[in-house]
Amino acid sequence: MLTQATPAVYLNIPTNGDLQDDVPSDTSETVTPVSQRSLESIPESHESASLTRSEESKTQSVSAAASSTRPPSTKVPHTRPDDSSLVYNKFILYENKLRFFIVASNTSDSLHRIIKIDRTSHEDLQVQDDGIVYSGKEMTRVLKMLEDGNKTYGGLGKARMFFGIAGFVRFTAGWYMITISKRSVVALVGGHYIYHCENTDIMPVCFNHKVDKPAEEQRLMNIFKQVDMSKNFYFSYTYDLTSTLQHNLTRAGLPPSKRWMFNDRYAWNHYMVTAPFRNSETRTVQAHWLQPLIHGHVDQAKLTVLGRVIFITLIARRSRHHAGARYLKRGVNDEGNVANEVETEQIVSETLTTPFYYPAPRTSPGQSQGRRPSPNFTSYVQYRGSIPIYWTQETNSMSPKPPIEISVMDPFYTAASRHFDDMFTRYGTPVMILNLIKKREPQPRESKLLDEYTQCVRYLNQFLPPNKRMVYRAWDMSRAYKEKTQDVIGYLEDIAEESIQMTGFFHSGPEPYSHCPLDDEGHADMPWRSTMSLQNGICRTNCVDCLDRTNAAQFVFGKRALGHQLYALGVVDTPNLAFDSDAVNMLTEMYHDHGDSLALQYTGSALVNRVETYRRMPHWNSHSRDIIENLRRFYANSLLDADKQTAINLFLGVQLDRSLTRTPQRGMYQRWFREEHLEPAYVLEDCAKGIDQFVNSRADYWIEYYRPLLFTSLGKHFAFSMNSTLKLPGKTARDVNYSPFLPHHNASSHHPRLMDGVRRWIQVGSVTAAGSRSSFVDRGTDPKSKKSKTSAEPDPYSTEAFAIQLLNPVVSEEEEAEYQE
């Protein structure tokens, strides 16, 4: 990628119909798991349109035949192929020796489209779309005509259902089509389902697939399959997963250069959906056939607050640029793309109403008002990525921590300037940089990067306007934890609060009225936000690998942002959330899964240091688990990363695209940024108009989401079976009346250690000489104790006090009562 904004990339396929090239607006229709009713079951007793065409002729299209034979009285609800209300989530494949026929259907099986893929050519991929939307009866007649016209070549064959086309790929000869054969629902955002790709099928397009080099073809196929598309690939038919919620809702109010229908930076199958049609001379239209896939992590859970249901969604998008394995992809490339680049979005929404809008208010007869944006959606975006300078780590030696070498010394930091200019374009200003690498080491390793990175930011900042400069925070997080001189989590929370106050977060509506108390004269006592809130700017977090320390820091940022998001929704009275509460515990587990997924993708092992480690509350088996994960990471980096990198390059088309990449051009040394990129990425007035346009023109989905005629059960409903705070270990039905924001332990006391719990169990379970159980309580509060409470006590941090505590452990009445429960 260049330093400019990510351009709009459309999934286009050739068509032989004379259709307009209008860019379709985004759709908010939402899909549910489809029924298994096939197209052949549609009754043919009624009159329907007929289509006569000869399948032996390759030049005559289905479009011309259908348009000439459809009766004038036939009414189809939607006839424009680029209508945003057309959502297809079920696909049926018919095949014979000459062609693939793929029928796309919506959830209710009322609207259909069809494409034809030629199977006779080894070199060219010929896909034809007739550009017509058919009703059920019309599609039944079309399939019957195709069955009769292709009897010589085996008819239409057995129908095969799948759930989307992930793209096309070619190795040495012939094309392969990749289809999504299995999916599962993982999240629900504003009525839009988000799916996880559970399984894919790779099938040759050409019927007589002849390969001149079968050994090479099989080798490349095996390498390609090493990228497991059944893990951590996600898609949605109606929601743009490659962009943030703020961008999706306000897209209509953005400049034309930012109105992309999907962000190709995070679409990992971008090469597979664009390369087959790159040299096509046929006119193209927007396709409904190819699904953009993101690679990363998606998780969702619900927070039950005294009857109110809050959805917390975590979406991590991994960039396809400069992607690869740990030691083979470090630092930055010439285009300004960094390794291990991940955009993490935290969406918090209240499900009072499902869609992104409220219904239009009641008005007097003759007056009409549009819908209102729902104020129940918030989001906060974070960013992680490798240090944007040229540095490498050679894995030739058997050292688990290879030495770090700065491979290129660029005094003008050209690659870093392109990287930060691109961040200004996408996120706006200000940009906070949180650098967590080590400052002091016995053998300089990470500290080399610290000095160079600090000098880089200092050099680039001197040319920026004072109010647009990057905010740089360098903090040795590892040393602060080991020396126990600082509260690691508390310090990170202070930085998180500073960052959130600088960048803000997205809220689709005004503050609740409860935040605007009035005095006796009817005036507001404090400022009240009556408009939506936007996030301009971002916090960029990094350590060396952007894994363990970065994930712990991003959790603290997410926790702080969760408090502000819940406060903006009117759920809590203060944005300060206590640790050890159900809400924070659930968020901790979500960020653990988030960090484990990203670590497995980058290094081949899960996280080593988790949030509990930096809170000094490690689990009893954490040390052995850390050793196992370190060994697993060392094995993967030493023996498996080379093959993994080759597979990723082949999957992303890196080698094939290298000749098409432009020659890097050195920019200006002082004016390394563009003035227009320093402007706010999201302007309040424009975004307010954009979200109003969205809810009034592109938010209809009720037929797709609410299906009253479909019999189902609550157990199969995703929103009902979703993980929640009421499903945490130890929770019962009576906890529905318990606030998830209350801490389980007294905040002023230290957290119980492992041996404290063992001693408590021994004392409670001990039997006295008389045969009765004795409870061990605090002698200072026991009235029967003969020891005076006012007696001189030693220093609690002295060796004497520590020895007395070990010999005479104390359990308070509150702790004992809690244990007895």
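Values in this document were obtained by computation on a predicted structure and should not be read as measured data.
Every side chain to side chain contact (heavy atoms under 4.5 Å, CB included) that S181 has, sequence neighbours left out, goes to N199, D201. For H322, the ring-ring contact (aromatic ring centres under 6.0 Å, His included) test picks out no residue, with sequence neighbours left out.
Between Y383 and E341, the side chains place a donor N or O and an acceptor N or O closer than 3.5 Å (distance only, hydrogens not considered). Side chains of S236 and H192: a donor-acceptor N/O pair is absent below 3.5 angstrom, by distance only. Remark: the E95 side chain and the Y153 side chain contain no N/O donor-acceptor pair separated by less than 3.5 Å. Q226 and N222 form no side-chain donor-acceptor contact under 3.5 Å, judged by distance and modelled atom types alone. Remark: the S184 side chain and the E198 side chain contain an N/O donor-acceptor pair separated by less than 3.5 Å. R318 and N340 form a side-chain donor-acceptor contact under 3.5 Å, judged by distance and modelled atom types alone. If you check the side chains of S243 and D240, you find a donor sitting under 3.5 Å from an acceptor.
Here the options are F651, Y176, Y271, the test is ring pair (Phe, Tyr, Trp, His ring centres under 6.0 Å), and the partner is F224; only F651 passes. With I315 as the partner, the side chain to side chain contact (heavy atoms under 4.5 Å, CB included) test is satisfied by one option alone out of T344, V381, I294: I294. Of the residues F718, F233, F235, Y234, the one that meets the ring pair (Phe, Tyr, Trp, His ring centres under 6.0 Å) test with H196 is Y234.
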Criterion side chain to side chain donor-acceptor pair (under 3.5 Å) on S110 and N106, from CA distance to verdict: CA-CA 7 Å; S110 59; N106 60 352; 3.0 Å; yes
Assess whether side chain to side chain donor-acceptor pair (under 3.5 Å) is satisfied between D299 and H594, documenting all intermediate values. CA-CA 8 Å; D299 192 13; H594 165 266; over 6 Å; no
Take K90 and D109 through the test side-chain contact (heavy atoms from CB on, under 4.5 Å) and record every step on the way to the result. CA-CA 9 Å; K90 181 178 67 174; D109 287 330; 2.7 Å; yes
Taking it one step at a time, do Q601 and N232 satisfy side-chain contact (heavy atoms from CB on, under 4.5 Å)? CA-CA 9 Å; Q601 295 163 18; N232 306 125; 3.4 Å; yes
Please lay out, stage by stage, how F100 and M203 fare under the test side-chain contact (heavy atoms from CB on, under 4.5 Å). CA-CA 11 Å; F100 280 141; M203 58 185 70; 4.2 Å; yes
Can you list the steps and then say if V142 with H112 is a side-chain contact (heavy atoms from CB on, under 4.5 Å)? CA-CA 11 Å; V142 169; H112 312 272; over 6 Å; no
Check against salt bridge (charged side-chain N to carboxylate O under 4.0 Å, His left out), R384 and D545: CA-CA 10 Å; R384 70 169 70 182; D545 297 320; over 6 Å; no
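Using modelled atom types, one side-chain atom of Q346 and one backbone atom of G558 make a donor-acceptor pair closer than 3.5 Å. Within the 3.5 Å criterion, the main-chain N or O of Q291 finds a donor-acceptor partner in the side chain of N269. Using a distance-only test at 3.5 Å, with no hydrogens or angles considered, no donor-acceptor pair links the side chain of W268 to the main chain of L652. In this structure, the side chain of R99 does not engage the main chain of D118 through any donor-acceptor pair within 3.5 Å.
Here salt bridge (charged side-chain N to carboxylate O under 4.0 Å, His left out) pairs that include residues 215-224, with residues two or more places apart or in two chains, are E216-R219.
Y266 does not carry R320 over the face of its six-membered ring by the limits of under 6.0 Å from the centre and within 45° of the normal. Judged by the 6.0 Å and 45° rule, R183 forms a cation-pi pair with Y195.
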